[in-house]
Colleague: 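Okay, handing you the structure first.
First the proteins, then the strands, lettered A, B, ... as listed; each starts at 1.
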Amino acid sequence: MISELLQGLNPKQQEAVQAVKGPVLVLAGPGSGKTRVLTQRIAYLIEEEGVDPFNILAVTFTNKAAQEMKDRLEALLGPGRATALTVGTFHSVCSRFLRREIKHLGRSPDFTIYDSDDQLRLVKRVLRDLNLDEKQNLPRTIQNKISKAKNEMLDAAKFAQSKQNFAEQITASCYERYQELLLESNALDFDDLLMTTVQIFRQFPEVLAAYQQRYTYLLVDEYQDTNRVQYLLVKNLAAQGQNVFVVGDNDQSVYSFRGADVRNILQFERDYPTAQVILLEQNYRSTQAILDVAQAVIKGGKKQKYLKSLWTEKRVGVKVSLQEGYDPDDEARLVVTEIERLRRVGSYQLNDFALIYRTNAQSRALEEAFLARGLRYQIIGGIRFYERKEIKDVLAYLRLLHNPFDRVSLERVLATPGRGIGSQTEAELQRWATAMGVPIYQSLLALANLEQGETPLGLQVPFNTRARKALLSFLKSIEDLRAISTTFDLVGLIDALLEQLKLQEILRKEYGQDEGEERWANILELRNVAGEFTCLPREQQLATFLAEVALVSDTDSLKDQAEAVTCITLHQAKGLEYPVVFLIGLEEGLLPHSRSLDNQDTIEEERRLFYVGATRAKERLYLLYTFRRSFYGQWITSTPSRFLADIPPDLINRPAQPKKLVQPPENTLVPRNGPRLVAPLSNQGPSEPRRLNSPISSKGSVLSSGPTERIFLPGQRVRHQRFGEGVVVSSKLVEDDEEVTVDFLFKGQKRMLANLAKLEQLEP
DNA sequence: TCCGCCTAGGTTTTT
DNA sequence: CCTAGGCGGA
C-alpha cells in the first residue's frame, strides 16, 4: 500500500520523502513545497520506517518554522507521537545542548544568553577597560568582527594568530577581553552558542559520539544559509551515519552578512560523495507571470548555467505591474490605493497583502499612509519586542536574579532607575572588585559584610557614605527579590519586581500619559508571556523563560490570522507567501543597497533578494520605485534598480498613472507636514511619460516602454468627458490599452479603449 | 549626579 | 532627519 503520507505529492517530492538511507540533497526552488517535503519525510520515517522520533534532529531556520513543523507532524501522526523529536533553530538546539553539556567545560548551566544589544554593550565595556577610543575603534565594527570570527570558528587566540596587522591586533585584544568578561559574567553570546558546541564536540569525542549515536537522522532546512560553524555542526553529527537530509536553494542565499556560505550547499556532493541529489522545480505558489519576472531577474546577471529552472501548472495570471511613485509617501499611497481597489473588486482580505522592502526604515512612510487611510497593518521587525528599552530593563533584573554574575545586566540595572549610582561610583566599584579579584556582584556582598564589621582582606572601606548607602540599598532590593524568587512563581516574581520598581509610575512620568501606557502595556505583555511558563516546576521557570526570550525572533510571533496588511523586510519575508505582494523601493542604493555596491558578490546577493521577494507572491506582484527619496534629510533623485532592466518589457505592465504628479518648481521645499505643494491632479487620461532621469537603458528594458495594466475592473466607478459617470461591466487588455465596457448612468453601455477615451477612475 | 542643550555622525539585512 | 553621546551648568 502506498503510504497516505505520499498522497498529494508529485513524483519528485515522493522520491525525496522516501529517499533511502544516506546523504540527500534536495535542491528546491521557491514555492516547491520543500518544507513540506522535509516534514513529510520525518512523518514517513516515523510511520513507515519505524524510526524512533527520539533519534531525529530537524533544524529549521526560524522558531516559527519549527513550531509549524511540530504542528503539522501532530496533524499527520496523531497527538503525542512526535514529542520526543528534536526540532529547532541551530541556536535553540545548541542552547538546549549546552544546558546539558557545558559542564564539560567546567561552566554552570545557568548561563545567560547575550543578544546583539548586550554584545554591543559588552564591547563598549571592553573598550573602556582597555582605554581605547570609541571613535577610532567603533564598537559596532568590533562586535561584527568578533561575531564573524566566531562564525568561522576562530577563538580569540586563533584570531590573534591569523591577523597580523596593527588594527587587527587591537580587535584581537578586544576579543580576548570580551571573552574574559563573558566568562566572568557566566554568559554566552549568540555566536558562542554554536561555536562552543563545536568546541565541546572537538574536545570531548565521547560527547560527540553520544550525540551521533542518538541522532541517527539529521534534517536541515535552508541549507544554503548555513555558515561555517553550522556546517561543522552538521558535518560532525553526520560523520558516522551519513544520514543527513538537507534542503535548500542556492538562489535564495541571502545571509552572507552573517557568514552564510553558499558553497556549503553547492559542494554538498563533494562533502558527501554518496549523496543523492533531488531537484524540485515545480512551483506551486506563483502564477507563470510572476515566475517569469522572478526568473528574468535571477538569471539577469549570470552567464553560468542554472542548476534548476522553475515551472508551474498554474495559469499565466495577472501581469506584473511596475510603477513609479513621486516620493516614498506617494509610493505608499499608490500601494494603499491599490490595496483598497483590490479589496473592492476582488475578494481579498487585508492579510492577503504584503509590502516588502529592503530596509526597516522604509516602513515609516507606509505606516503613515496606512494610518491616514485607517487600514490595519502590522510592521514586522524594526524595533523588536524584546529589544524595547522597558522590556530589556525588566529582563535585566530577571537575568541578574538568575545569574548574579551577569555583568551587562548588572550595569543596566545599576543605572536604571536613577538611584544615585553614577559612573564615578560604578568605576570605583569596578576597581574595588578587581582589587579583591572577585566579580562585581560578589564585591557588593563583601561590602555588605564590611558594614557588619568584617574586613576579609584588610582592604580599606571604599566609597563615601552616600554611595555606600546607595549600593547597599540596591543590594538589599536585589536580595529581597531573590528571596521572593525562591518561593513565588515567575509571574509572582515579576509582579513583585514591578511593584518594587514602581515601574508604571516611572514610565508614565518619563514618557507621558500615552506613550507611558503603551510601554506599560508592553510590560504586561511580557508578564503574559511569562505566564506560559508557570506550568513548569518553579525552579525551572525563570531559566526556561529567559532562554526562550533570548532566542525568539519577531517573525516567530507573526500571526497569519491577524486581519492586517503585513509590512516586512525582504530577509524576514523569506519562507513566507502572500496572494498580493508589493516590492517597494526598487532603486539603486536601496536594492541593490549602497553598502553592497563595491563588491560583485554582494550585488549578486541583492539580486537574489529581489528574487526572494518576487517569489513570495502567489497571484499579483507589484514593483514600485520612487522618483526621489531622502537620505540623511537630503532629497536625492532616485535611479530605478538595475535589476528592473533585466526584465523583458513584455512581461511587465506600466499602468497609466491614475494620479499624476507634477514636479515641484525648482528649489521649492516640500514641507513635511504642511499642505503639499505638489497636489495630485485628477487624472486626465494617459499621463505624459514621466521624465525618468537616467533610465537604465533606452530599449529592451521595462523602464522605457510597456503596455497598460488592467486597472478598470468590473465595479469600478468611472467618468467620461462626454458620457458622464458610469460603472465598468467588463474589461480586457488589448495591445497598448485596456478595452472596457461601461454602463453609463444616462447613456447606457458603451465599449471603449480606456486610455484613448481618457476614462477617469472615481472613488466608489 | 542629573538634566538639557548641542553636534557630529550614521542606515542593510538577523539568530 | 534622527539619536546617541559629550559637555556645561545646577
Colleague: Nearest-nucleotide wise, let me know which of Thr569(A) and Arg595(A) is further upstream toward the 5' end of DNA chain B.
Modeller: Arg595(A)
Colleague: Taking the minimum atom-to-atom distance to the side chain of Lys124(A), which one of dT15(B), dG5(C), dT14(B) wins?
Modeller: dG5(C)
Colleague: Given 3.5 Å as the limit, does a donor-acceptor pair link the side chain of Arg99(A) with the main chain of Pro109(A), or not?
Modeller: yes
Colleague: Mind running side chain to side chain donor-acceptor pair (under 3.5 Å) on Gln67(A) and Asp71(A) for me, showing each step along the way?
Modeller: CA-CA 6 Å; Gln67(A) 191 53 53; Asp71(A) 292 347; 3.2 Å; yes
Colleague: Pick the nucleotide of DNA chain B nearest each of Ala361(A) and Asn144(A); which residue has the one closer to the 5' end?
Modeller: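 Going by which nucleotide is closer to the 5' end, it is Ala361(A).
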Colleague: Specify the separation, in whole Å, of atom NZ of Lys574(A) and atom C1' of dT13(B).
Modeller: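 Answer to the nearest Å: 12 Å.
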Colleague: In this structure, how many angstroms lie between the P atom of dT14(B) and the CG atom of Asp191(A), rounded?
Modeller: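 Taking CG of Asp191(A) and P of dT14(B), I get 15 Å after rounding.
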Colleague: Looking at Arg128(A), I want to see if its CZ is surrounded by more than 12 non-hydrogen atoms of other residues, nucleotides or ligands under 6.0 Å.
Modeller: yes
Colleague: Phe257(A) stacking on dT13(B): centroids under 5.5 Å, ring planes under 30°?
Modeller: yes
Colleague: Quick check: are there more than 12 heavy atoms from other residues, nucleotides or ligands sitting under 6.0 Å from NZ of Lys392(A)?
Modeller: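 Buried by this count: over 12 neighbours within 6.0 Å.
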Colleague: I want to check one thing: is the phosphate of dC1(C), taken as OP1 and OP2, less than 4.0 Å away from some side-chain N or O of Gln634(A)?
Modeller: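 No.
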Colleague: In whole angstrom, give the distance that lies between atom OH of Tyr357(A) and atom P of dT13(B).
Modeller: 10 Å
Colleague: Just how far, in rounded Å, is P of dT1(B) from CZ of Phe474(A)?
Modeller: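 Phe474(A) atom CZ is separated from dT1(B) atom P by 15 Å.
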Colleague: Base, sugar-phosphate, or nothing: which does Ser116(A) touch, judged by heavy atoms less than 4.0 Å apart?
Modeller: base
Colleague: Reckon Asn63(A) has a side-chain N or O less than 4.0 Å from the OP1 or OP2 of dT15(B)?
Modeller: no
Colleague: With sugar-phosphate meaning primed atoms plus P, OP1 and OP2, does Tyr255(A) contact a base, only sugar-phosphate, or nothing at under 4.0 Å between heavy atoms?
Modeller: sugar-phosphate
Colleague: In whole Å, what is the span from the CG atom of Leu590(A) to the C1' atom of dT13(B)?
Modeller: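 Between C1' of dT13(B) and CG of Leu590(A): 12 Å.
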Colleague: Assign the ring pair Tyr326(A) / Phe627(A) to parallel, tilted or perpendicular, where the plane angle (0 to 90°) is split at 30° and 60°.
Modeller: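 Taking Phe627(A) first and then Tyr326(A), their aromatic rings lie parallel (interplane angle under 30°).
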Colleague: For Asp192(A) and dT15(B), give me the distance from atom CG to atom C1', rounded to whole Å.
Modeller: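 Result: 13 Å.
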Colleague: Just how far, in rounded Å, is P of dT15(B) from CZ of Arg228(A)?
Modeller: 23 Å
Colleague: Nearest-Å distance, CZ (Arg140(A)) to C1' (dT3(C))?
Modeller: 14 Å
Colleague: Considering only the C1' atoms, how many Å lie between dT13(B) and dA4(C), rounded to the nearest integer?
Modeller: 22 Å
Colleague: Output the single nucleotide from dG10(B), dT13(B), dT14(B) whose closest atom is nearest the side chain of Thr359(A).
Modeller: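 Nearest listed nucleotide: dT13(B).
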Colleague: Counting just side-chain N and O atoms, does Asn151(A) come under 4.0 Å of either OP1 or OP2 of dT15(B)?
Modeller: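 Negative; the distance criterion is not met.
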